[in-house]
Asker: 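Sharing a structure here in structure tokens format.
In what follows, residues are counted from 1 in the order of the sequence shown. Predicted model only: the values in this text are computed from it and were never measured.
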Amino acid sequence: MNPILNTAFKAARKAGDMMVRAANNLSAVKVDSKAFNDFVSDIDRAAETILVETLLDAYPQHKITAEESGSHGNPNSDYEWLIDPLDGTTNYLHGHPQYAVSMALLHKGQIQEALVYAPERNDLYLASRGKGALLNDRRIRVSSRIDLNQCLIGTGFPVVDQSMMDTYLAILRDLLGKTAGARREGAASLDLCALACGRFDGFFEFNLKPWDIAAGALIAKEAGAIVTDMQGDQGWLDSGNIVAANPKVLAQMLQIIAAHR
């Protein structure tokens, strides 16, 4: 593990340990609503504080963009962290162990380092640009399935901003008729890691934030996936609309999506 990812992991593990302890008494967790179906807890905020303080202590000249508290550090830095302290808050608050810490480091807008840590399972996903992806020190690779009708697709409902709901449901209906099924597990970072491991063959979702997908996308790409927006272009980090799949499946997914754009 390189020094940057080692620092990120120390922060993520500390935050994750706190989450797991707090999960033993979820009734004591304070929860606020940021918007419809968009929740934040005092656990999100406490975890974010741990991540921000650890990163700034190690890299005081870096910029940090955090989901709950916004910008920290040097706003003019070429290095920017995108962090989601608790991806899958709704899962966490319901005692469903599908949640993670997600951290990505960008240099001049390009994602260079990525970490996704699932504390309930003690699963650590890592990637460095151009150097492959790992799960718990083992190299991971996307699936080799070719036919869409054999593929399992990960997705997420656009429940916060529902402006794309009709389009989403039409795409999902068509995919369900042409695949082995779809799964909605509630944490985009882990969905992309599942793609990286070959558990999913593809993934798509609308209206995500950069901190939701930056780390998972690099991990998926370094495991052999292709990541695009809904048009097959590279605007996914800005738009939040993302399609990712193994190279044999991506074009088939984009063709279905194109019929509903």
Asker: Compare all side-chain heavy atoms of L105 with those of E80 and state whether any distance is below 4.5 angstrom.
Answerer: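 Side-chain contact under 4.5 Å: no.
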
Asker: Are the side chains of E205 and P158 in contact, using a 4.5 Å heavy-atom criterion?
Answerer: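 P158 does not reach E205 side chain to side chain.
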
Asker: Measuring from I111:CD1 to L237:CG, what's the distance to the nearest 0.5 Å?
Answerer: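 I111 atom CD1 to L237 atom CG measures 5.0 Å (nearest 0.5 Å).
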
Asker: Looking only at heavy atoms, what is the nearest atom pair of A100 and P119, with distance?
Answerer: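 So the two residues come closest at CA-CD, 4.3 Å.
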
Asker: Which atom names give the shortest non-hydrogen contact between L5 and A127, and what distance separates them?
Answerer: CD1-O, 4.0 Å

Asker: Whether the side chain of D212 engages the backbone of K209 through a donor-acceptor N/O pair (distance < 3.5 Å, no angle test) should be reported.
Answerer: yes

Asker: Side chains of N2 and S128 only: does a donor on one sit below 3.5 Å from an acceptor on the other?
Answerer: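 Note: N2 and S128 side chains meet the donor-acceptor criterion.
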
Asker: Donor-acceptor pair, distance only, cut-off 3.5 Å: does the side chain of E222 make one with the backbone of G132?
Answerer: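 Here the side-chain-to-backbone pair exists.
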
Asker: Using a 3.5 Å distance criterion without hydrogens, assess whether the side chain of D229 forms a donor-acceptor pair with backbone atoms of G235.
Answerer: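 It does hold such a pair.
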
Asker: For T89 and N91, which I'm curious about, is there any donor-acceptor pair between the side chains at under 3.5 Å?
Answerer: no

Asker: With hydrophobic residues grouped by side-chain heavy-atom distances under 4.5 Å, do Y125 and I213 end up in a single group?
Answerer: no

Asker: Roughly how far, to the nearest 0.5 Å, is CZ of F206 from CE of M165?
Answerer: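 One finds 11.0 Å between CE of M165 and CZ of F206.
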
Asker: Any chance you could measure T54, atom OG1, to K10, atom NZ, to the nearest 0.5 Å?
Answerer: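 So the gap between those two atoms works out to 10.0 Å.
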
Asker: Are any of the side-chain heavy atoms of M253 and I153 separated by less than 4.5 Å?
Answerer: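 Sidechains of I153 and M253: in contact.
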
Asker: For D44 and S41, run side chain to side chain donor-acceptor pair (under 3.5 Å): C-alpha distance rounded to whole Å, both residues' side-chain angles, the deciding distance at 0.1 Å, then the answer.
Answerer: CA-CA 5 Å; D44 294 75; S41 72; 2.6 Å; yes

Asker: Let me see the working for Y79 and Q61 under side chain to side chain donor-acceptor pair (under 3.5 Å), right down to the final yes or no.
Answerer: CA-CA 8 Å; Y79 290 91; Q61 294 304 311; over 6 Å; no

Asker: Using the rule given for side-chain contact (heavy atoms from CB on, under 4.5 Å), can you reason through W236 versus M230, listing the C-alpha separation, both sets of side-chain angles and the distance that settles it, and then say yes or no?
Answerer: CA-CA 8 Å; W236 52 270; M230 298 294 167; over 6 Å; no

Asker: What residue among D233, L250, I242, N241 forms side chain to side chain contact (heavy atoms under 4.5 Å, CB included) with T228?
Answerer: L250

Asker: Indicate if F203 and L169 have the same hydrophobic cluster label, given that clusters are the connected sets of ILVMFWY residues with side-chain heavy-atom separations under 4.5 angstrom.
Answerer: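 No, no single cluster joins them.
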
Asker: Any chance NE2 of H94 has more than 12 other-residue heavy atoms, nucleotides or ligands included, within less than 6.0 Å?
Answerer: no

Asker: Side chain to side chain donor-acceptor pair (under 3.5 Å) between D166 and H260: does it pass, once the steps are laid out?
Answerer: CA-CA 10 Å; D166 289 345; H260 300 283; over 6 Å; no

Asker: Could you walk me through whether Q150 and D201 pass side chain to side chain donor-acceptor pair (under 3.5 Å), step by step?
Answerer: CA-CA 9 Å; Q150 298 177 351; D201 305 289; over 6 Å; no

Asker: Testing the basics here: between V142 and A225, what is the closest heavy-atom pair and its distance to 0.1 Å?
Answerer: CG1-N, 3.6 Å

Asker: Any sub-3.5 Å donor-acceptor pair from Q252's side-chain atoms to K248's backbone N or O?
Answerer: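 Flag set: sc Q252 to bb K248 pair under 3.5 Å.
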
Asker: Can a side-chain donor-acceptor contact be found between S69 and E48 if the only test is distance below 3.5 angstrom?
Answerer: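 Looking only at side-chain atoms, S69 and E48 do form a donor-acceptor pair, the distance falling under 3.5 Å.
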
Asker: Which label fits Y59 and H62: parallel for a plane angle under 30°, tilted from 30 to 60°, or perpendicular past 60°?
Answerer: parallel

Asker: What's the spacing between R173 CZ and Y168 OH if we round to 0.5 Å?
Answerer: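 Interatomic distance, R173 CZ to Y168 OH, rounded to 0.5 Å: 12.5 Å.
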
Asker: Side-chain heavy atoms under 4.5 angstrom apart, residues restricted to Ile, Leu, Val, Met, Phe, Trp, Tyr: same cluster for L55 and L115?
Answerer: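 In one cluster with L55: L115, yes.
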
Asker: Check whether any side-chain heavy atom of E113 lies under 4.5 Å from a side-chain heavy atom of K131, and answer yes or no.
Answerer: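 With C-beta onward as the side chain, the pair stays apart.
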
Asker: For residues I83 and E67, determine if any side-chain heavy atom of one lies less than 4.5 Å from a side-chain heavy atom of the other.
Answerer: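 No. Closest side-chain heavy atoms not under 4.5 Å.
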
Asker: So C197 and L135, do their side chains get closer than 4.5 Å, heavy atoms only?
Answerer: yes

Asker: Apply side-chain contact (heavy atoms from CB on, under 4.5 Å) to F200 and E185, showing your working.
Answerer: CA-CA 12 Å; F200 291 157; E185 298 188 350; 3.9 Å; yes

Asker: Nearest 0.5 angstrom please: T65 OG1 to K63 NZ, how far?
Answerer: 4.5 Å

Asker: Honestly curious: do L192 and L134 fall in one hydrophobic cluster under the side-chain, below-4.5 Å linking rule?
Answerer: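 In one cluster with L192: L134, no.
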
Asker: Are Q112 and L106 close enough, and set up right, to give a side-chain contact (heavy atoms from CB on, under 4.5 Å), and what steps lead you there?
Answerer: CA-CA 5 Å; Q112 300 290 331; L106 285 64; over 6 Å; no

Asker: So, do I226 and K221 sit near enough that their side-chain heavy atoms are less than 4.5 Å apart?
Answerer: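 The answer is no; the side chains never approach within 4.5 Å.
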
Asker: Please name the residue in the list L51, D84, D87, L124 that meets the side chain to side chain contact (heavy atoms under 4.5 Å, CB included) test with V101.
Answerer: L51

Asker: For M19, does its backbone N or O pair with a side-chain atom of Y92 as donor and acceptor, under 3.5 Å?
Answerer: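 Pair found, side chain donor or acceptor close to backbone of M19.
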
Asker: Might you point out which heavy atoms bring A182 and L152 nearest each other, and give the distance in Å?
Answerer: N-CD1, 4.1 Å

Asker: Does CG belonging to D137 count more than 12 external heavy atoms closer than 6.0 Å?
Answerer: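 Open: at most 12 neighbouring heavy atoms sit under 6.0 Å from CG of D137.
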
Asker: Could you tell me which non-hydrogen atom of A196 sits nearest to which non-hydrogen atom of A223, and how far apart they are?
Answerer: O-CB, 3.5 Å

Asker: Spell out, yes or no, whether V31 and L26 are grouped together once hydrophobic residues are joined by side-chain heavy atoms under 4.5 Å, including indirect joins.
Answerer: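 Same cluster: V31 reaches L26 through Ile, Leu, Val, Met, Phe, Trp or Tyr contacts under 4.5 Å.
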
Asker: So, for Y117 and F9, is the gap between ring centers shorter than 6.0 Å?
Answerer: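 That pair passes the under 6.0 Å test.
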
Asker: Do I140 and I219 pass the side-chain contact (heavy atoms from CB on, under 4.5 Å) test, and can you show the C-alpha distance, the side-chain angles, and the key distance before you say yes or no?
Answerer: CA-CA 9 Å; I140 52 178; I219 292 166; 4.3 Å; yes

Asker: Are there more than 12 heavy atoms of other residues, nucleotides or ligands under 6.0 Å from atom CG of N149?
Answerer: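 Yes, enclosed.
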
Asker: Enter the distance from I171:CD1 to L176:CG here, rounded to the nearest 0.5 Å.
Answerer: 12.0 Å

Asker: Indicate the atoms forming the closest heavy-atom contact of T155 with D191, along with that distance.
Answerer: O-OD2, 3.7 Å

